[in-house]
Number of protein chains: 2
Amino acid sequence: MRDRHPLDDLDRLLLALVQQDARRPLHELGDEVGLSPSAVQRRLTRLRRTGAIRAEVAVVAPEAVGAELTSLVLVALADDDPEHHAAFRARMRAEACVQQCYAIVGQWDYAVLLVTRDIAENRELSRRLFVSDFGVRRYETFPSSGAVKSGLTLPIEPG
Amino acid sequence: MRDRHPLDDLDRLLLALVQQDARRPLHELGDEVGLSPSAVQRRLTRLRRTGAIRAEVAVVAPEAVGAELTSLVLVALADDDPEHHAAFRARMRAEACVQQCYAIVGQWDYAVLLVTRDIAENRELSRRLFVSDFGVRRYETFPSSGAVKSGLTLPIEPG
DNA sequence: TCGCGCATGCAAAAATCTTGCACGCATCGG
DNA sequence: CCGATGCGTGCAAGATTTTTGCATGCGCGA
């Protein structure tokens, strides 16, 4: 969270590297950016502490764990009642199958990325998450027929 | 890719752990699942080799690198010409600002998650990516006013 | 029953990470 | 102008972690 430090080019370079592969040893990263292993180490710990690096995680293949169906669900709530929105958000955060959820502006209020075992589970989940309470007015599901690209790899430019 | 092995419960448990935090030492994971460090190690390398673990990456905070604006773009191509689709997909894969892109079924063909510095860059990018060539018929942009939940954390259940 | 494949634990060896220390460099105030 | 101070660095020792060889145990099929 705390971006006390403005991030210099070396920081950005390191971020670009570790967001591709977080397992590379410090001396390798060091070679690449022209820094000693310990300097790299200290920068990384600072980036972690300040929140520039949120986490270091393994990316699991959905098929490998039986998550065969990914779908995008657009949701519109019935009103702008903050309570309804808060409840909806909380529900999204709590539900494991909700991989991502963005509040969006336009004719829809939320975009939800749902990962489920199959169509049945998806439907069951939708029925549970997107109706009645939470003040959902309507929702529309777009099943994915395949991820063209998926990841959290941000574009990082110097400067 | 190769899911030669069916993944037992320990594998799933390990996946669930490392997808939360890929930096925990083997002996810690071992304690948690009841396995020696080397056994954990061998399972993890197998999971990597078979593709169940796609990558281990650092999750970078978008704001930290000047990516202030995330938006969802729904895209419909003009026709089902495989060439057009292939070209479009290639373009999506190539573009750094395209974080995610899913082929979807319904009134839209693709859902694209665009990460940009600001509205100007977003617009510039859209103009470049979603018109003329690639056979894009129309597209609609939904700027995100905040991520309720974002990550690649899959639900992993035993069995 | 025997043999084989496979996963495990253990322990040694290798690699990596961590940390204390001294130095260089820039900024700031006297 | 000059010394104090803060900050980041490299180096090297020490701690931790990862990797690997080896022997064992278990399940399954011949």
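Hydrogens, waters and symmetry mates are skipped; everything else that's a heavy atom, side chains included, is used. Proteins come first, then strands; the chains are lettered A, B, ... in the order of their sequence lines, and each starts at number 1.
In this structure, the CD atom of A:Gln41 is 18 Å from the P atom of D:dA12, given to the nearest Å. Atom CG of A:Leu26 and atom P of D:dT16 are 17 Å apart (whole Å). As rounded to whole Å, 8 Å separates atom P of D:dT9 from atom CG of A:Asp11. Rounded to a whole Å, the CZ atom of B:Arg48 is 9 Å from the P atom of D:dT18. Spacing between atom CG of B:Asp8 and atom C1' of D:dG27 amounts to 15 Å, rounded to whole angstrom units. Rounded to an integer number of Å, the gap from A:Leu47 CG to D:dG8 C1' is 14 Å. Going from atom CZ of B:Arg24 over to atom P of D:dT18 covers 12 Å, rounded to whole Å. Atom CG in B:Leu10 sits about 18 Å away from atom P in C:dC6, given to the nearest Å.
Below the 3.5 angstrom threshold, one finds no donor paired with an acceptor across the side chain of A:Arg46 and the base of D:dG8.
Put simply, B:Arg43 has a side-chain N or O that comes within less than 4.0 Å of OP1 or OP2 on C:dT8. The side chain of A:His27 contributes an N or O atom lying less than 4.0 Å from OP1 or OP2 of C:dT16.
With hydrogens and angles ignored, the 3.5 Å screen pairs a side-chain donor or acceptor of A:Asp11 with a backbone N or O of A:Asp8. Side chain of B:Thr45 to backbone of B:Arg42: a donor-acceptor contact under 3.5 angstrom is found. A donor-acceptor pair under 3.5 Å is formed between the side chain of B:Lys149 and the backbone N or O of A:Val98. With hydrogens and angles ignored, the 3.5 Å screen pairs no side-chain donor or acceptor of A:Asp109 with any backbone N or O of A:Val75. Looking at A:Arg117, its side chain never comes within 3.5 Å of a backbone N or O of A:Leu69 through a donor-acceptor pair.
Inter-residue side-chain proximity for B:Met92 and B:Arg89 is flagged as unmet; no heavy-atom pair is nearer than 4.5 Å.
Residues from residues 32-40 of chain B with heavy atoms under 4.0 angstrom of DNA chain C, sorted by number: B:Leu35, B:Ser36, B:Ser38, B:Ala39.
Among the nucleotides D:dT20, C:dC17, C:dT19, the one closest to any side-chain atom of A:Arg42 is C:dT19.
Inspection of the B:Asn122 and B:Ser71 side chains reveals an N or O donor paired with an N or O acceptor under 3.5 Å.
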